[in-house]
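Order of the sequence lines fixes the chain letters, A, B, ..., with proteins taken first and strands second; residue numbering starts at 1 for each chain. Excluded from the calculations below are hydrogen atoms, water molecules and symmetry mates; all remaining heavy atoms, backbone and side chain alike, are included.
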Amino acid sequence: MMTAVNAPAPAVAGGKERPWIFHAADNVWSALQGLLPLIALLLLWQMLGDSRSPYFPPPSTWAAALIDRTNSGDLIPAVLVTLQSVAAALILATSLGVGIGGLIGASPALARCLGPTLEFLRTLPPPTIVPVAALIIGVNETMKLFVIVFAALWPVLLNTTLGVRSLHPTLLEAARSLQLGVVARMTKIFLPALLPSILTGVRVAAPLAIIVSLLAEMLTLMPGLGALLLMAQRNFNAAEVFGLLTVVGSFGFILNAALAAFESWALMPQGRT
Amino acid sequence: MTIQPAFQCERLCIDLPGAPGVRRIIEDLDLEVGRGQFVSILGGSGTGKTTLLRALAGLTSHSSGRAVYEGREVRSPVPGMAMVFQDYAHALLMWRTVRRNVALGVEGRLRNGELDQKVQNAIRMVGLERFRDEYPWRLSGGMQQRVQIARALAMEPSALLMDEPFGALDAMTKASLQDQLLAVQAETGATVLFVTHDIEEAIYLSNTIILLKGSPAHIARRITVDLPRPRDQIVTKELPEYLRLRHQLFEAFRHEIHA
């Protein structure tokens with residue numbers, strides 16, 4: 001049985017599991033440790049950099065540029081818009097991916113029918129979808145959502161399909177012999193059994209969603225971090241470009257950390273974290 | 001006194017798909033199992049013991065003949081029956097605690113108080129009270145198999161179908177689970193169909209042993225075990241009748257053992 005070794009955990013009853021929050025804290029700490037080289041590099045840049053350089057302004061100027069953007073009221077709404085698109089698209093892509101992937105995994109006939117079509121769609125690079133979607137749907141939030149979902153769908157779909165196919169036959173038979181209804185089988189047995197596969201898919205899909213969201217914003221100049229970045233570049237504001245890159249990087253980093261924490265919480269009962 | 005049959009097979013034939021084509025596993029099998037009986041299906045590896053059990057459980061369909069449980073033709077899992085699989089690690093839900101695993105088969109159908117009481121009772125019968133709120137993956141193999149048995153018991157089945165349930169356990173755990181199973185059967189009066197390849201286990205547990213042989217399989221022999229109950233791991237296994245049956249059955253499998 002697991003006991004707290006180095007974390008100063010509050011006295012939990014003997015033999016009890018450490019709360020998941022400590023696992024999350026561990027994850028954050030190990031992630032921060034991984035950031036140390038990057039921080040060292042930035043410090044070095046700050047010390048050796050020339051604050052008048054038009055191409056490589058030191059980090060302190062990025063901060064100044066970001067504060068300017070915040071004060072002008074552009075940065076926070078842009079971050080929120082991008083976050084909203086990414087979150088909504090991930091939720092949609094996960095629901096669609098689990099639904100379609102589950103059906104394809106369960107039915108070999110359906111897999112044969114849909115396989116080639118899905119394979120074709122999957123290999124289309126998401127940037128090439130943007131013009132098509134813009135033509136058909138128009139340049140609006142729906143189009144952006146569509147394009148992000150289109151990119152983020154596949155990892156969830158494929159992982160769910162594989163997950164369904166690798167469900168153990170004994171588990172399926174146990175479900176049958178317990179005579180559970182269709183809904184009970186889904187919610188009590190199949191979804192929890194597939195959760196690890198689904199979450200792996202979501203973890204792969206999240207960075208894709210961010211990439212495509214920024215891309216769509218840059219290509220269409222719809223509000224968001226991508227548009228802000230492109231405008232800064234067009235204004236030759238190198239400090240702001242670097243500053244926004246930091247924001248984008250942190251954005252992905254935090255989203256990934258949040259998903260990791262959710263995963264370790266959700267899979268705790270399965271003993272897989 | 002006539003004993004009403006719980007299970008009945010008439011000219012039962014089962015075919016299963018294989019690589020070279022369809023293979024007949026069981027041919028023209030006639031069988032009758034009385035209510036409250038403990039019947040072991042014994043046979044060498046690959047004779048079709050599990051196939052027969054699965055057909056009676058409604059998990060495998062038969063090609064011709066009849067498989068009947070309590071007067072009803074079995075085509076899919078039937079209420080009143082509960083199955084225990086050999087592979088407990090995959091039959092249990094690892095994300096549910098022992099208590100919630102045991103509740104799985106009954107939780108939709110009962111009110112909370114009644115549910116709790118049934119689950120508690122099933123957990124008590126297999127002696128896992130201390131581990132009610134533990135996850136199965138934290139328990140030993142023998143305990144996990146007890147969880148699966150408790151899950152079947154919570155459904156208060158009139159028939160318990162067990163597919164080599166102790167096959168993956170060590171000798172000591174096996175002996176203790178055998179005794180527990182006998183106690184449970186004495187308490188519930190359930191009919192038990194028990195697939196095993198362990199001759200001594202079959203004698204120790206059963207009223208009747210069905211010997212499957214051949215390919216396709218048929219019933220080679222039907223042996224009545226007249227050993228007193230309650231049975232005891234030491235005393236019962238030293239009785240002359242036990243030793244006679246053991247001799248007889250090993251003799252029957254001699255060519256398979258030496259093959």
Hey, is CZ on B/Arg130 packed in by over 12 heavy atoms from elsewhere, all under 6.0 Å?
-> no
Sorted by chain and number, sequence neighbours left out, ring-ring contact (aromatic ring centres under 6.0 Å, His included) with B/His90 holds for A/His168
Tell me, out of B/Pro79, B/Ala82, B/Gly58, who's got the most heavy-atom pairs with chain A below 4.5 Å.
-> B/Pro79
Is there side-chain contact between B/Met83 and A/Leu178, with heavy atoms separated by less than 4.5 Å?
-> no
Worked verdict on A/Leu180 versus B/Leu104 for side-chain contact (heavy atoms from CB on, under 4.5 Å) | CA-CA 9 Å; A/Leu180 300 178; B/Leu104 185 64; 4.3 Å; yes
Counting heavy-atom pairs under 4.5 Å with chain B, the top scorer among A/Ile189, A/Thr170, A/Leu167 is A/Thr170
Rounded distance [0.5 Å steps], OG in A/Ser177 versus CE in B/Met155 = 7.0 Å
Region of B/Leu93 that comes under 4.5 Å of a non-hydrogen atom in chain A = side chain
In Å, rounded to the nearest 0.5 Å, how long is the span from CH2 of B/Trp95 to CG of A/Leu267?
-> 11.0 Å
Side chain to side chain donor-acceptor pair (under 3.5 Å): which pairs involve residues 185-195 of chain B, sequence neighbours left out?
-> B/Arg124-B/Glu187
Listing, residues 204-217 of chain A side-chain donor-acceptor contacts under 3.5 Å, not counting sequence neighbours, or none:
unit_1: A/Ser213; atom_1: OG; unit_2: A/Glu217; atom_2: OE2; d: 3.2
unit_1: A/Glu217; atom_1: OE1; unit_2: A/Thr82; atom_2: OG1; d: 3.4
unit_1: A/Glu217; atom_1: OE1; unit_2: A/Leu225; atom_2: N; d: 3.2
unit_1: A/Glu217; atom_1: OE1; unit_2: A/Gly226; atom_2: N; d: 2.8
unit_1: A/Glu217; atom_1: OE2; unit_2: A/Thr82; atom_2: OG1; d: 3.1
unit_1: A/Glu217; atom_1: OE2; unit_2: A/Lys144; atom_2: NZ; d: 2.8

In this structure, are over 12 heavy atoms from other groups packed under 6.0 Å from A/Phe150 atom CZ?
-> yes
Can you measure from OG1 (B/Thr60) to CD (A/Glu173) and round to the nearest 0.5 angstrom?
-> 7.0 Å
How about A/Gln84: does its CD atom have over 12 heavy atoms from other parts shown lying under 6.0 Å from it?
-> no
So, do B/Arg100 and A/Lys188 sit near enough that their side-chain heavy atoms are less than 4.5 Å apart?
-> no
Measuring heavy-atom distances to chain A, does B/Val78 have an atom under 4.5 Å in its side chain, in its backbone, in both, or in neither?
-> backbone
Under 4.5 Å, heavy atom to heavy atom, which residues of residues 161-173 of chain B contact chain A?
-> none
Under 4.5 Å heavy-atom distance to chain B, tell me which part of A/Leu172 shows up: side chain, backbone, both or neither.
-> neither
